[in-house]
Amino acid sequence: MQFDKQLQRQLSRRQLLKYTSLSSMGLFLGSCGVSNQSSIFQPLNQKSGNARELFEPLNQSIEQLIFQAKNPAPEYPVSAVEPNALLINSFGITPVIDPNSFKLVIDGAVNNPMQLSMSDIQSLPLISMVIRHICVEGWSAIVQWGGVRLYDLAKLVQPKADARYVYFESGDSYYESWDIASALHPQTLLAYQKNGQGISIENGAPLRLASPIKLGYKQSKWVTRVTFTNELLSRRGYWVDEGYEWFAGL
Ligand SMILES: Nc1nc2c(c(=O)[nH]1)N[C@H]1C(S)=C(S)[C@@H](COP(=O)(O)O)O[C@H]1N2
Ligand SMILES: [Mo]
């Protein structure tokens, strides 16, 4: 995969230069997205000061699971976008999250738990894809999403070898869980753009899941926390716990 090689090159160059502080991340990855030189990746624990440790490839056991994942889902040209077809579908309140103070927590079965600001996230490669969003309520929409691959975030936090699931908590108390292969699939993004603009609050700002390999109810909006686990907990998903299928693959 071309993009992975690119990221790998950037990261190994960084390793060669033996940067020990993550505060230089914005400088390096700035060419790929919005640069933010003052940003630092804020570790949740003491372990993480060392860039070498953070930018290693994922461990073999997890890479194998990802390669077993199925082929890419279809993408569309930008001209196919249906700007009005994406209906807002939220079970309850619409949380308003201040993007300036927001920190995405990534924790659980990982070696380097982190809290990332939107600037940190936007200094990682910006991936854009035009995909079909499908809601089980009988509507679909071709949407362009822009954001960061969960795979790239996983490279920072380094899931442990026995991590198998990823939990997503949302600002409206929605929750979801995914198998790790689908979560780290190259087309699974934490998106902050929709149809070329900043994502609206109703569509899940500042960060929402977007992936063409899962049904609409798996695409959590207002994601505040990503937790890797080695087992599936009884609380599996807001709609899943009402009887909808857990895997919900397309
Ligand atoms: N946090 C949260 N995420 C959510 C939902 C929700 O109610 N809360 N609804 C889901 C459903 S059923 C669908 S189809 C999509 C709809 O996304 P949209 O409102 O941006 O069109 O969001 C999904 N993600
Ligand atoms: Mo949905």
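Atoms within each ligand, like the ligands themselves, are counted from 1 in listed order. Here the structure is a predicted model, which means the values were calculated and not measured. This chain uses plain numbering: 1 for the first residue, then up along the sequence.
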(message) Between R235 and D241, is there a side-chain heavy-atom distance shorter than 4.5 Å?
(response) yes
(message) When you measure from the centre of the six-membered ring of F168, is the NZ or CZ of K221 closer than 6.0 Å and no more than 45° off the axis?
(response) no
(message) Among all the protein's non-hydrogen atoms, which is closest to atom 24 (N) of ligand 1, and how far away is it?
(response) Q219 O, 2.8 Å
(message) Rounded to the nearest 0.5 Å, what separates atom CD1 in I213 from atom CH2 in W178?
(response) 6.0 Å
(message) When you compare ligand 1 with H133, is there at least one nitrogen or oxygen pair between them that comes in under 3.5 angstrom?
(response) no
(request) For residues F102 and L104, determine if any side-chain heavy atom of one lies less than 4.5 Å from a side-chain heavy atom of the other. (result) yes
(request) Look at the side chain of K214 and the backbone N and O of F247, then say whether any donor-acceptor pair between them is shorter than 3.5 Å. (result) yes
(request) Look only at interatomic distance and state if Y217 has a nitrogen or oxygen under 3.5 Å from any nitrogen or oxygen of ligand 1. (result) no
(request) Determine, using ring centers only, whether H133 and W139 are less than 6.0 Å apart. (result) yes
(message) Please check this pair: side chain of N59 against backbone of P159, looking for a donor-acceptor N/O pair closer than 3.5 Å.
(response) yes
(request) Could you list which atoms of ligand 1 come closer than 4.0 Å to a heavy atom of L86? (result) 20 (O), 21 (O)
(request) Write out the residue and atom name of the closest protein heavy atom to atom 3 (N) of ligand 1, then the distance separating them to 0.1 Å. (result) K221 N, 2.9 Å
(request) For C135, counting its heavy atoms only, list the atoms of ligand 1 lying under 4.0 Å from any of them. (result) 14 (S)
(request) Starting from atom 11 (C) of ligand 1, locate the nearest protein heavy atom and write down its residue, its atom name and how far away it is, to 0.1 Å. (result) G216 O, 3.7 Å
(request) List the closest protein heavy-atom neighbour of atom 1 (N) of ligand 1: residue, atom name, distance to the nearest 0.1 Å. (result) D172 OD1, 2.9 Å
(message) Distance under 4.0 Å to a non-hydrogen atom of W222: what atoms of ligand 1 satisfy this?
(response) 1 (N), 2 (C), 8 (N)
(message) Tell me whether S61 contacts the main-chain N or O of A161 through its side chain, where contact means a donor paired with an acceptor under 3.5 Å.
(response) yes
(request) With sequence neighbours left out, write down each residue that passes side chain to side chain contact (heavy atoms under 4.5 Å, CB included) with L232, or none if nothing qualifies. (result) Y165, Y167, S177, R236, W246
(request) Give the residue, atom name and distance (to 0.1 Å) of the protein heavy atom nearest atom 10 (C) of ligand 1. (result) Y174 OH, 3.6 Å
(request) Determine whether the side chains of N89 and Y217 contain a donor N or O and an acceptor N or O closer than 3.5 Å. (result) no
(request) Would you tell me which option among E202, R208, E137 has the nearest heavy-atom contact to atom 20 (O) of ligand 1? (result) R208
(message) Starting from atom 9 (N) of ligand 1, what is the nearest protein heavy atom, named by residue and atom, and what distance separates them?
(response) N89 O, 2.9 Å
(message) Need the ligand 1 atom indices (1-based, order shown) with element for anything under 4.0 Å from a heavy-atom of S170.
(response) 1 (N)
(message) Using a 3.5 Å cut-off on N or O atoms only, is L87 in polar contact with ligand 1?
(response) yes
(request) Measure the distance from atom 7 (O) of ligand 1 to every protein heavy atom, then report the residue, atom name and distance (to 0.1 Å) of the closest one. (result) F91 N, 2.8 Å
(message) Keeping E169 on the side-chain end and V223 on the backbone end, is there a donor-acceptor pair under 3.5 Å?
(response) no
(message) Is there a polar contact between ligand 1 and W239, counting only N or O atoms under 3.5 Å apart?
(response) no
(request) Can you sort out which atoms of ligand 1 are near S220, meaning under 4.0 Å from one of its heavy atoms? (result) 3 (N), 24 (N)
(request) Could you tell me whether some N/O pair between W139 and ligand 1 is separated by less than 3.5 angstrom? (result) no
